[in-house]
Each structure stands twice: as structure tokens, then as C-alpha cells.
Undergrad: 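Sharing a structure below in C-alpha cells format, with a few things to ask.
This is a predicted model, so every value here is computed, not measured.
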Amino acid sequence: MSVGVPSRTRPTGGTVDFGRRVLTLRRRRVAVRLEWRSVVVCTVLAVVAACLAVLALMSGSYSLGPGQVISALTGGETGLVHDIVVEWRLPRVAAALMFGAALGVSGAIFQSLLRNPLADPSVIGFTQGSYTGALIVILVVDGTYVELAGGALLGGMATAVAVYALAYRRGVQGFRLIVVGIGVSAMLESLNTWLILKADLDKALSAAAWSSGSLNGVSWNQVVTGGVGILVLLLLAGALSRSMRQMELGDDAAASLGVRVTAARLGLVVVGVALTATVTAASGPITFVSLVAPQIARRLTRTAGITLAPSAFVGALLCLAADYVAQHVAPTPLPVGIITVILGGGYLGWLLLTEARKRL
């Protein structure tokens, strides 16, 4: 006697519905599958971020109305209003959105690779390594933004190599790498403090203020240069996202599906470190956005794994909101990194307590 099992398979065509609505975009021989919930979440986050951006452009010592802001953005305003919106406030808002998106994707990459919600560039030392490289460029050669980005990238990559080498024991386990990364991060933080103490007073003061992660003084040059680099890196991350999702099943399973695991992992690590380095070179280390954004995005989209696009939108919104709080809500203007540390530290404590309860 056979027992019938309810099935959601269509009577014709043999296609199985797994309960998630999917949007498929096809063009010639290329097809892209998007989950409807992820599309809706990203759309809502984009709308909220746009409204907050307008509010940030309105706020300041010289208050503006939403009509004036929109008119200035569309070229309808000239003179003082145009200068305030386009030349003074818009670079900061654009930088917050772009840098937040970059940090969100960077965190998503490392949390997916290591399969651990604590795998964050600022926790495992990559952010501190990027800061060390940029700090050396500042104190030694007083370099341009491109030179800072190069130094940050070299510092981040060197730290990644060191952490992986120290954590390697017949392979790399996520928990061991995180513990090693925390130790390396503490060592680099001490090194950075020593470098600042030994530097000239003017350079030391500038580097110390920059170390908190600040968007003060961000110019259009940094926004455009950093934006181009971040856009290229995000495209590369998108190209590697399928391999990343398949590697979440395990290296053997991914290899059986045709993924070149070693090459894909190396490419993802380089992209993740480069995203962090690009942001660090422009604004200093803005920590914990890359820790929080992927997990919030995962809960909003209710996906089984980490997804890049929602993480980017959540990261952009978090960074912009933190900068708005730092500039207009705090009793005195603060670096955005201080607000992200407060928010991220609270989230990290909650996450550790949650993980500890699961093990009891």
C-alpha cells in the first residue's frame, strides 16, 4: 500500500515550487534569478535611504526645505543653495551611501566564506591592517588618496595572508581564524598607536582624528575615485556570488558542481579586503557596519544564506543613518565611526549571548 505525499509540483512541466516566488530576467543566453522578497526588501531600503539622504541634505546650520534640495539636485537652484547642497553636503551623503554599501558587501563575503556571523573585517583584523597601511603612507610620504588606497590595500592583504597562515592547520576553520584575527587586530592596534605617538604633532593629530572613522572633509575627488573602485569591486563580487553561495554547502559539494574553490575563495578574499581598504583610505576605519549589515539583511529577506545585494542596501542605510545621528542628533558633532561602534558593540554583545544560549 502506498501513501500519497502532498506535492507542490505542477501537473505539467515537472517544475517544483519551493515556496519562494522568483523573478527571472532573461536576455539572449543570460538569465538572472531574483527572489521577489529580496527585490521588495531592496526597493524599500532604497526608498528609505533616499528619504534619509534628502533629510541629511536639508539639515545643518543653514536649514533648507525639501523643495530647495530637490531643485538644487536637478539643477534648478544656483548660488548659495546650490553650493550648500551640491558642493558641501552631497559629497558626504554620497560617501556614506557608497562606503556603507561597500562595507556591507565586504562583511557578507567573509561571513559567507567562514560561515560565521562574527566573521567581520573589523573583528578579524583586516580593517586594522588596512588602517596600518594607510597610516604609514600618511606619516611617511603624506600621500594622495590613491596612494592611501594602495597602502590600505597592501596592509589589508598582508594582514589577510598573516591571519590565514597563522590559522592554517590542515585547512582553515572559521572559529580558529576569528580567534587569530582578534589577536592580530589587537597587535596592529597597538602598532598604530605607537606610530601615532612617534609621529610629528600635526600629522599625529590628523591621523588620530582620522582613526575614529570620519566623513569630515570628504571631497568629490574621493567620492568619484572611490566610487569607481567600489563599483568595479561590487561587479566582481556579483560575478563571484554564485560560487560563494555554492561554497556555503561545503568545498566538496561546490567542487562537484564545477566551482574552482581555491580560485573563487582567493578572488572573494581579495575583493572583500579591497572594499574595506577603499573605504579605510577615504574615511578611516568605520567599524561594525560590515558585521551588522549582512545579518540584518538575512533576517529581512529570510534567505538561507548571506546575500550580497540586500547587505549592500542595509550597509548603505546604516552608514548614512549613523552619520546623520553623529552630525545632527548627538549633542556635539562626532565621527561616524563612534556611532557605528556604539551600535555595533551592542549588536555584538547580543549576538554573543544568543550564540552562547544556543550551545547550552
Side-chain angles (χ1 to χ4, degrees), residues 91-107 109-110 120-122 124-161 185 188-189 191-193 195-196 199 202-237 269-290 312 315-316 319-320 322-323 335-338 340-341:
R92 187 186 188 104
V93 171
L97 291 172
M98 288 192 308
F99 296 166
L103 293 173
V105 171
S106 178
I109 288 174
F110 287 111
D120 169 57
S122 61
I124 58 180
F126 298 168
T127 299
Q128 286 295 336
S130 298
Y131 175 55
T132 301
L135 187 61
I136 291 174
V137 174
I138 290 176
L139 299 180
V140 175
V141 299
D142 195 17
T144 63
Y145 172 68
V146 176
E147 292 171 334
L148 282 177
L153 179 59
L154 290 176
M157 291 304 302
T159 304
V161 171
S185 178
L188 289 173
E189 189 172 355
L191 174 61
N192 295 337
T193 302
L195 288 173
I196 292 175
D202 292 339
K203 291 184 178 179
L205 291 175
S206 176
W210 183 70
S211 66
S212 299
S214 175
L215 298 177
N216 293 334
V218 173
S219 65
W220 274 119
N221 179 45
Q222 293 170 310
V223 171
V224 173
T225 306
V228 171
I230 288 172
L231 178 60
V232 172
L233 293 169
L234 292 180
L235 292 175
L236 291 174
V269 169
V270 170
V271 170
V273 172
L275 285 169
T276 301
T278 303
V279 175
T280 303
S283 61
I286 300 177
T287 55
F288 288 112
V289 173
S290 48
C319 192
L320 180 59
D323 187 57
V336 63
I338 293 179
T340 60
V341 165

Undergrad: Quick check for you: to the nearest 0.5 Å, what is the distance between K203 atom NZ and L135 atom CG?
TA: 11.0 Å

Undergrad: What pairs with V289 under side-chain contact (heavy atoms from CB on, under 4.5 Å), at least two apart in sequence or on another chain?
TA: L103, I286, T340

Undergrad: Looking at every heavy atom in both S219 and P91, which two are closest together, and how far apart are they?
TA: C-CB, 4.3 Å

Undergrad: Taking all heavy atoms of A96 and all of L215, pick out the closest pair and write down the distance.
TA: CB-CD1, 3.7 Å

Undergrad: If you compare all heavy atoms of Q222 against all heavy atoms of A282, which two are closest, and at what distance to 0.1 Å?
TA: NE2-O, 4.0 Å

Undergrad: Check side-chain contact (heavy atoms from CB on, under 4.5 Å) between L205 and all other residues, then give those that pass, not counting sequence neighbours.
TA: L201

Undergrad: Using the test side-chain hydrogen bond (donor to acceptor under 3.5 Å, both in side chains), find all partners of S130 that sit at least two apart in sequence or belong to another chain.
TA: none

Undergrad: Holding to ring-ring contact (aromatic ring centres under 6.0 Å, His included), I want the full list of residues that pass it with Y131, two or more places apart in sequence or in another chain.
TA: W210

Undergrad: Compare every heavy atom of I196 with every heavy atom of L139, then report the nearest pair and how far apart it is.
TA: CD1-N, 4.4 Å

Undergrad: Using modelled atom types only, decide if a donor and an acceptor are shared between the side chain of N192 and the backbone of L188 within a distance under 3.5 Å.
TA: yes

Undergrad: Show your working on side chain to side chain contact (heavy atoms under 4.5 Å, CB included) between R92 and N216 and close with a plain yes or no.
TA: CA-CA 8 Å; R92 187 186 188 104; N216 293 334; 2.7 Å; yes

Undergrad: Mind checking what makes side-chain contact (heavy atoms from CB on, under 4.5 Å) contact with T193, not counting sequence neighbours?
TA: L197

Undergrad: Using the rule given for side chain to side chain contact (heavy atoms under 4.5 Å, CB included), can you reason through V93 versus D323, listing the C-alpha separation, both sets of side-chain angles and the distance that settles it, and then say yes or no?
TA: CA-CA 9 Å; V93 171; D323 187 57; over 6 Å; no

Undergrad: What's the shortest heavy-atom distance between V223 and A94, and which atoms?
TA: CG1-CB, 4.1 Å

Undergrad: Would you give the length of the straight line joining atom SG of C319 to atom CG of L97, rounded to the nearest 0.5 angstrom?
TA: 8.0 Å

Undergrad: Could you check V273, L275, V269 and say which one makes a side chain to side chain contact (heavy atoms under 4.5 Å, CB included) with V271?
TA: L275

Undergrad: Locate the shortest heavy-atom distance separating M98 from I230; write the atom from each residue and the value.
TA: O-CD1, 4.0 Å

Undergrad: Which pairs pass side chain to side chain donor-acceptor pair (under 3.5 Å) with one or both residues in residues 272-288, sequence neighbours excluded?
TA: S106-T276

